[in-house]
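Notes follow once the structure below has been shown.
Within every chain, numbering begins at 1; the chains are lettered A, B, ... in the order of the sequence lines, protein sequences first and strands thereafter.
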There are 4 protein chains.
Amino acid sequence: MPSPAPTPRRVGRPRSAQADAAIMDATRAALVEVGWGKLTMGYVAARAGVAKTTLYRRWPNKGELVVHAVAALFDELELPDRGSLRGDIEGVVISFARMLQRPETNASLMAVVAESTHDPLLREHIREAIVDRQKHLVLQGRERAQARGELPPDAASSEENERLVDLIFDVIAGAVVHRTLVSAEPVDEQWAEAFTTLLLHGLVAASAPRGRGEGGSEGGYQDGSA
Amino acid sequence: MPSPAPTPRRVGRPRSAQADAAIMDATRAALVEVGWGKLTMGYVAARAGVAKTTLYRRWPNKGELVVHAVAALFDELELPDRGSLRGDIEGVVISFARMLQRPETNASLMAVVAESTHDPLLREHIREAIVDRQKHLVLQGRERAQARGELPPDAASSEENERLVDLIFDVIAGAVVHRTLVSAEPVDEQWAEAFTTLLLHGLVAASAPRGRGEGGSEGGYQDGSA
Amino acid sequence: MPSPAPTPRRVGRPRSAQADAAIMDATRAALVEVGWGKLTMGYVAARAGVAKTTLYRRWPNKGELVVHAVAALFDELELPDRGSLRGDIEGVVISFARMLQRPETNASLMAVVAESTHDPLLREHIREAIVDRQKHLVLQGRERAQARGELPPDAASSEENERLVDLIFDVIAGAVVHRTLVSAEPVDEQWAEAFTTLLLHGLVAASAPRGRGEGGSEGGYQDGSA
Amino acid sequence: MPSPAPTPRRVGRPRSAQADAAIMDATRAALVEVGWGKLTMGYVAARAGVAKTTLYRRWPNKGELVVHAVAALFDELELPDRGSLRGDIEGVVISFARMLQRPETNASLMAVVAESTHDPLLREHIREAIVDRQKHLVLQGRERAQARGELPPDAASSEENERLVDLIFDVIAGAVVHRTLVSAEPVDEQWAEAFTTLLLHGLVAASAPRGRGEGGSEGGYQDGSA
DNA sequence: CTCTAAGCGAGACGGTACGTCCCGTCTTCCT
DNA sequence: AGGAAGACGGGACGTACCGTCTCGCTTAGAG
């Protein structure tokens, strides 16, 4: 996919790539310093050594600029193969948490999400730039686990499949985000292990064929010892 | 400590309780209409039929006003006894989700949380007003389940106990919030059921005595059919 | 004229004379400190150790309060008989200037006059409280000079008489005020003497019967030496 | 000193001269309509068809704006040569009074002066913008009269000279201002003539060599008839 | 010698204007 | 054409006073 864009006009002086990078850096730095609410275009521009005009030539408003700057941070999320489902989950939990604990991400993610609650375009923007990117990791991990025989293969209905992936994604991302940003407690190895244990057992049940799942409630905690 | 509650000696004209209520209502209504970002003190005041100064006499700024207005919404969260752990979990998930889906909560919660990422006082405010209030529900549900024999009694170490409650809280609240606000998908009965199933199995494992928890990873999905 | 007021009601607690005095003092002190523009009722009240209500119970607004406080200062103006018209003029000039140089008067007079330029009621108030009181001194001095034979007796027309008194008053008060407040130079003995000399010669001409007055322009300065 | 006046290197969008003029006009109009006390920046801005910020970009506060607007009015003061000292004095008196009677000047001058009583910078501002400009007229008139032989040439001491000019200035300006603003009576031809007569005789005496001036007090009013 | 109408301190109230900050747009000149 | 500089129209901010309005307490004179 080299360049489907139909020749984007090449007249006049080209945009400075240097400016671009400086702006991204300045935006992230400013987010750390003052947060979304007090972040001003003027300050970003000044810090980047650039005129305000230059910002507006690239992004239509504050929101877009910040989302753009934040989204890039999510690119580094990866899912190294640790050989087991448990290992993979713990890995992603810890690496996701590590990212969220960096102040620029911390401050930015929630700010951007909050802004999105009454801005559908921004919400779509976030979905593309952040959510889908992360969801891909869940899929990848699941496939590996299935290959290893740790999880049953895909259900018949692809719709049901997607629902399951979405659920797992919301549980993992939700728990990590909530602990980091709302409870404001660190996601350390201990927490990651406990969470993984919880998830792992749930996963097995959730992935099992329908009609069996609700067994948990009756079985009680004596279940395992039988 | 000479006087236990010495009648705070109110002098001068007392604050109007009417105004207080009108402001809270106006704030929530305004949040629905325009969202956090465009909510203005002037508009809230006008809508409440009150002078802007009256707002500032009670709350030092927009943030505090909104947190206050939003926090009250969390008071209505309850945990009706549905007779089983599964029922209780589904109940709280759905009622929490229902609350989050109401536009005023939707817009406000994240906004307020986002604001808190660089405002420790606000963060403490949130913890008191919202987080602790919710955590209480988790405790309550767990006690009921223990009484019913659905979950094992408290672990020996109270520290470990607290860790577990915190974990469960982050998982429930996180998943619901994430699905509602980030994934922007509805929390319907179907999702609540699937989530509950997942959580239920995880819960049993997580609540079990240490040293057994990690069994899940090896056992695989064939576990149940053995 | 002992009390034409038809018994001004004597029920209830009478107004505190102490408060009255404290308010007047506080007002004048505040005028010195911050000037009219920044003088606030709250500050005057606080400084007088009195509630704002107490101020408004006595004067309907800031303007009236200040005029009242300032007018009292003019009461002390007197015209001691120095035995000659020249002496009397120098005396009044210096004592008037001395009053104007006191910071509370300095700041207040112009402020009040300025305020009066678009407030006819206040203007009338000033005329009664300040202007007429001063004009009386001019009349008194003139009568003494006439008695001494330094000035001709009143003209036939009383209207013309009044015009003359007004003119003299405007010249004296105007010159002193202008030097003090606009030119912002001190009215010392030297200036007072020079001004008196100027006025004295003018006075003789102005007081002379009509039809002769314009002689000055032709006569030139050689006039006296002839 | 490499560059004597290096072309101040104007960068960025220049200030709109149109806006400048509109603001001055609006300020003067507003002064007439509502007076100093009720003049608001918002109203001036609206009337000028300009944003409030544009006002504050040019003047730091209401006071400076108004002084600036008013000072310009004094530019039109001139001293047309009427051929005689008497004529010149009457001319300047009447044209000065005419200016003061215009409502915008009326309201503004005193307000600005009042404000200056506790603001040394403003006072200096006024001196430069208004007082010095007027004093120049006195000098000019005196020189003409000296050339015509109506007044004696400058005294030996230049210091004494300056004192005399200042005195005359305070008398003329003071009398006109006082009559207009404090006594609140019109300066008509009749008053101007009477005042001029008074001043003219005083002038001759005051301009005469020292040691003779005080003669007036003894001579009495019979002086002229001898 | 009580009763009671007014005075009083305190401070909340509805308002108006302030002067500031930032937004996103627009000129102007320079590269 | 891009970019730096900065003025512009606009909107909201949070503050400061205004003059009014409860409150509950105090106080002196009328009954």
Tabulated below should be each protein N or O lying under 3.5 Å from an N or O of nucleotides 24-26 of chain E; please produce it.
residue	atom	partner	partner atom	Å
dG24(E)	OP2	Tyr56(A)	OH	2.8
dG24(E)	N7	Lys52(A)	NZ	3.3
dG24(E)	O6	Lys52(A)	NZ	3.0
dC26(E)	O2	Arg13(D)	NH1	2.9

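- Looking only at distances, a side-chain donor or acceptor of Lys62(B) sits under 3.5 Å from a matching main-chain atom of Leu39(B).
- For Arg13(D), there are no salt bridge (charged side-chain N to carboxylate O under 4.0 Å, His left out) partners at least two apart in sequence or on another chain.
- When each of Ala17(B) and Gly42(A) is assigned the nucleotide of DNA chain E with its nearest heavy atom, Ala17(B) is the one assigned upstream, toward the 5' end.
- Of the possible polar contacts, none joining the Asp20(D) side chain to the Ile23(D) backbone as a donor-acceptor pair under 3.5 Å is found.
- Leu55(D) comes within contact range of no nucleotide atom at all, as no heavy-atom separation falls under 4.0 Å.
- Each of Thr40(B) and Arg57(D) lies near DNA chain F, and the nucleotide nearest Arg57(D) is the one positioned closer to the 5' end.
- Proximity of a side-chain donor or acceptor of Arg15(D) to a complementary backbone N or O of Arg57(D) within less than 3.5 Å is detected.
- Distance CH2 (Trp59(A)) to C1' (dC23(E)): 18 Å, rounded to an integer number of Å.
- For the pair Val50(D) and Val50(A), both in contact range of DNA chain F, the more 5′-proximal nearest nucleotide belongs to Val50(A).
- Regarding Lys38(C), its NZ atom lies at a distance of 16 Å from the C1' atom of dC18(F), rounded to whole Å.
- The separation between Gln18(A) atom CD and dG2(F) atom P is 17 Å, rounded to whole Å.
- For Arg127(A), there are no side-chain hydrogen bond (donor to acceptor under 3.5 Å, both in side chains) partners at least two apart in sequence or on another chain.
- To the nearest angstrom, C1' of dA1(F) lies 13 Å from CZ of Arg58(A).
- Distance, Leu65(B) CG to dG14(F) P: 10 Å, rounded to whole Å.
- Rounded to a whole Å, the CG atom of Leu39(D) is 11 Å from the C1' atom of dA17(E).
- Nearest-nucleotide mapping onto DNA chain E: of Thr54(C) and Gly12(D), the residue sitting toward the 5' end is Thr54(C).
- The backbone N or O of Arg28(A) sits nowhere less than 3.5 Å from a side-chain atom of Asp25(A) that would complete a donor-acceptor pair.
- Distance, Glu64(C) CD to dG19(F) C1': 14 Å, rounded to whole Å.
- The backbone N or O of Tyr43(D) sits nowhere less than 3.5 Å from a side-chain atom of Lys52(D) that would complete a donor-acceptor pair.
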